[in-house]
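By convention in this document, chain letters (A, B, ...) are assigned in the order of the sequence lines, proteins followed by strands, and residues within each chain are numbered from 1.
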Protein chains: 2
Amino acid sequence: MHILVVEDEKKVASFIKRGLEEEGFTVDLAHDGEEGVNMAMDKPYDLILMDVMLPKMDGLSAIKTLRQNNIQTPVLCLTAKDAVDDIVSGLDSGSDDYLTKPFAFAELVSRTKALIRRNSHDRGAELVFADIRLDPVSHKVWRADQEIDLTTKEYSLLEYFMRNPNQALSRTMIAEQVWDYTFDTFTNIIDVYVNYLRKKIDRNFDKKLIHTVRGVGYILREPE
Amino acid sequence: MHILVVEDEKKVASFIKRGLEEEGFTVDLAHDGEEGVNMAMDKPYDLILMDVMLPKMDGLSAIKTLRQNNIQTPVLCLTAKDAVDDIVSGLDSGSDDYLTKPFAFAELVSRTKALIRRNSHDRGAELVFADIRLDPVSHKVWRADQEIDLTTKEYSLLEYFMRNPNQALSRTMIAEQVWDYTFDTFTNIIDVYVNYLRKKIDRNFDKKLIHTVRGVGYILREPE
DNA sequence: ACAGCCCCATGCACATCCTGGTTGTTGAAG
DNA sequence: CTTCAACAACCAGGATGTGCATGGGGCTGT
């Protein structure tokens, strides 16, 4: 679950980032409106958290720009307490919900989850492929009803596979989704983690589910 | 958690209803003061959300009527921004908190939760998890019928765990609930206090109840 | 002044992540 | 069929991150 946080105050930004990551989200940061728009257009996010007061381009204009470019990612707006009028124009310009500063973090989390739940029908539901089960909420994974312990990175990688089964996934695509926004292409980190995953997911089972597509990448599918 | 919303404007009423339901509350609607009083006397609610300007019987009189009939359900009053005088008489007539229109919805939710929390705290019901008992009134704690001496902070921390058992609690959430920290991420105070708690709660017992969830926070649960 | 509590800073232990190198595999050209 | 180059799998060790334990300083109430 990827969230883009657009917030210029570094303290607030990193506070939100850390808190959301503890809740199991993957968080990217943008520090002004322009950067926010660029990042949101580059990569599909599940939610954008947008401060209204921003350098270069304010939050509301940023949302408008996104909507004009047909980016329909839901947006949760952060606004100063007294700027009630902003809220109205915020909803006008395409924001889906708002939160006034200062806010309780618990509040932010529940709004965030509500928006994501509302906007993505099947998200949050358990993912199943063959005899693998994956719970995106608790980040737990089972194969054949036996729980499997994964690290954060291993989990994200598997989640990406589970959301795109039976499709060959290129290293570039995997890097974008599972690793950071900018990425160094000359590393074998993905191979390494696929290897880790195979050890935990496939090694003790007859039916191998993670396959290599030579020259392309990897694929999650039933063996022939 | 059942909430009664007394509000004549249909748009506002259904907006509030929908929002609160998304937060997990069950919401009934009444459209004027009389209906509100009848419903509140019929069925015990955890909270009443009362508009002041209402047909048939205004909100303040409704509250008075309820209190005269010994209904002590907490009331959150909604009032127009300029009617500050109303607020005072509102508090007089037995309202527990108020909110001026127009309000941010997040504000409404957090006040709602605060009121319900405050009220259920006061019931002072003893909290029990496994063989830990905690009395919110006297702030005393027992494990296996043996009293355990905790400092104020240790106690608040444990109480938070006891009110949210079997859930991973992130450091951010703990900091917000137990300390009043908002943006201070550069301290290990929570780790330190969890350590204190473990010494007193878990150290002398076989069954450890406070567990670490790496990268997330802590959880109170039975060992596997 | 002292004791108790709260909080901070530090150092250690260990899990996780990543890099670089080595070995193994594949498929096409000779 | 053999050879070779490209690609993938695997391994080992170092860097980084995260949590735990502990000592001590500041503050407050006695």
Side-chain angles (χ1 to χ4, degrees), chain A residues 14 17-19 21-24 26-27 139 141 148-158 160-161 168-175 177-204 208-220, chain B residues 139 141 148-161 168-204 208-220:
Chain A
S14 65
K17 180 174 157 77
R18 174 174 179 181
E21 281 174 349
E22 284 171 348
E23 295 291 328
T26 309
V27 178
H139 282 205
V141 173
I148 294 178
D149 220 35
L150 299 181
T151 71
T152 315
K153 275 276 178 294
E154 289 163 0
Y155 171 84
S156 322
L157 179 57
L158 179 61
Y160 185 47
F161 276 124
L169 303 176
S170 73
R171 289 189 172 69
T172 311
M173 278 157 47
I174 295 173
Q177 280 293 318
V178 180
W179 275 266
D180 260 334
Y181 186 63
T182 48
F183 196 74
D184 165 21
T185 36
F186 300 107
T187 168
N188 67 342
I189 185 89
I190 293 168
D191 307 45
V192 170
Y193 269 84
V194 168
N195 184 28
Y196 289 164
L197 250 193
R198 290 214 247 235
K199 275 187 191 165
K200 294 186 177 177
I201 295 288
D202 273 346
R203 177 154 296 181
N204 300 322
K208 311 300 182 194
L209 294 173
I210 302 173
H211 304 270
T212 304
V213 184
R214 206 182 159 77
V216 179
Y218 300 92
I219 187 172
L220 181 73
Chain B
H139 283 207
V141 173
I148 294 177
D149 217 36
L150 298 180
T151 72
T152 315
K153 274 280 178 290
E154 288 163 0
Y155 170 83
S156 323
L157 180 57
L158 180 61
E159 182 178 352
Y160 185 47
F161 276 124
L169 303 176
S170 73
R171 288 188 173 71
T172 306
M173 291 288 206
I174 295 174
E176 185 171 289
Q177 289 287 325
V178 179
W179 282 263
D180 277 333
Y181 283 8
T182 24
F183 296 107
D184 189 355
T185 40
F186 303 108
T187 172
N188 66 341
I189 186 74
I190 293 169
D191 306 46
V192 171
Y193 269 84
V194 167
N195 186 26
Y196 290 163
L197 249 193
R198 290 214 248 234
K199 276 186 191 165
K200 295 186 177 177
I201 295 288
D202 272 346
R203 177 156 294 181
N204 301 322
K208 312 300 182 195
L209 294 173
I210 302 173
H211 304 268
T212 305
V213 184
R214 203 183 160 81
V216 177
Y218 299 93
I219 187 172
L220 181 72

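- Between the NZ atom of A:K17 and the P atom of D:dG17 there is a distance of 12 Å, rounded to whole Å.
- One finds the CD1 atom of B:I210 at 7.0 Å from the CG atom of B:L157 (value rounded to the nearest 0.5 Å).
- Between the NZ atom of A:K153 and the P atom of D:dT18 there is a distance of 11 Å, rounded to whole Å.
- OP1 or OP2 of C:dC18 sits under 4.0 Å from a side-chain N or O of A:W179.
- Residue A:I190 contributes atom CD1, which lies 15 Å from atom P of D:dC7 at whole-angstrom precision.
- The side chain of A:T187 places an N or O atom within less than 4.0 Å of a non-bridging phosphate oxygen (OP1 or OP2) of C:dT19.
- Counting to the nearest Å, the P atom of D:dC7 and the CD1 atom of A:I189 are 20 Å from each other.
- Here the P atom of nucleotide D:dG17 and the CD atom of A:E21 are 13 Å apart, to the nearest Å.
- One can place CD1 of A:I174 at 13 Å from C1' of D:dA8, the figure rounded to the nearest angstrom.
- Rounding to whole angstrom units, CG of residue B:L169 and C1' of D:dG19 are separated by 17 Å.
- Between B:L150 atom CG and C:dC6 atom P there is a gap of 10 Å when expressed in whole angstrom units.
- Using a 30° and 60° split on the angle between ring planes, B:H139 and B:Y155 fall in the parallel class, below 30°.
- Checked against B:T172 for a side chain to side chain donor-acceptor pair (under 3.5 Å), the options A:E22, A:R18, A:E21 give a single hit: A:E22.
- If A:T152 and A:R214 are placed on DNA chain C by their nearest nucleotide, the residue sitting closer to the 5' end is A:T152.
- The closest side-chain donor-acceptor pair between B:T187 and B:R171, if any, does not fall under 3.5 angstrom.
- Partners of B:N188 according to the side chain to side chain contact (heavy atoms under 4.5 Å, CB included) rule, which considers only residues two or more places apart in sequence or in another chain, are B:D191, B:V192.
- Of the possible polar contacts, none joining the B:K153 side chain to the B:Y193 backbone as a donor-acceptor pair under 3.5 Å is found.
- Among the candidates A:I189, A:V194, A:I190, the single residue satisfying the side-chain contact (heavy atoms from CB on, under 4.5 Å) test with A:I174 is A:I190.
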Protein and nucleotides 9-13 of chain D: nitrogen or oxygen contacts under 3.5 angstrom:
residue, atom, partner, partner atom, Å
D:dA9, OP1, A:R198, NH2, 2.2
D:dA9, OP1, A:T212, OG1, 2.5
D:dA9, OP2, A:Y218, OH, 2.7
D:dC10, OP2, A:N195, OD1, 2.6
D:dC10, N4, A:N188, ND2, 3.0

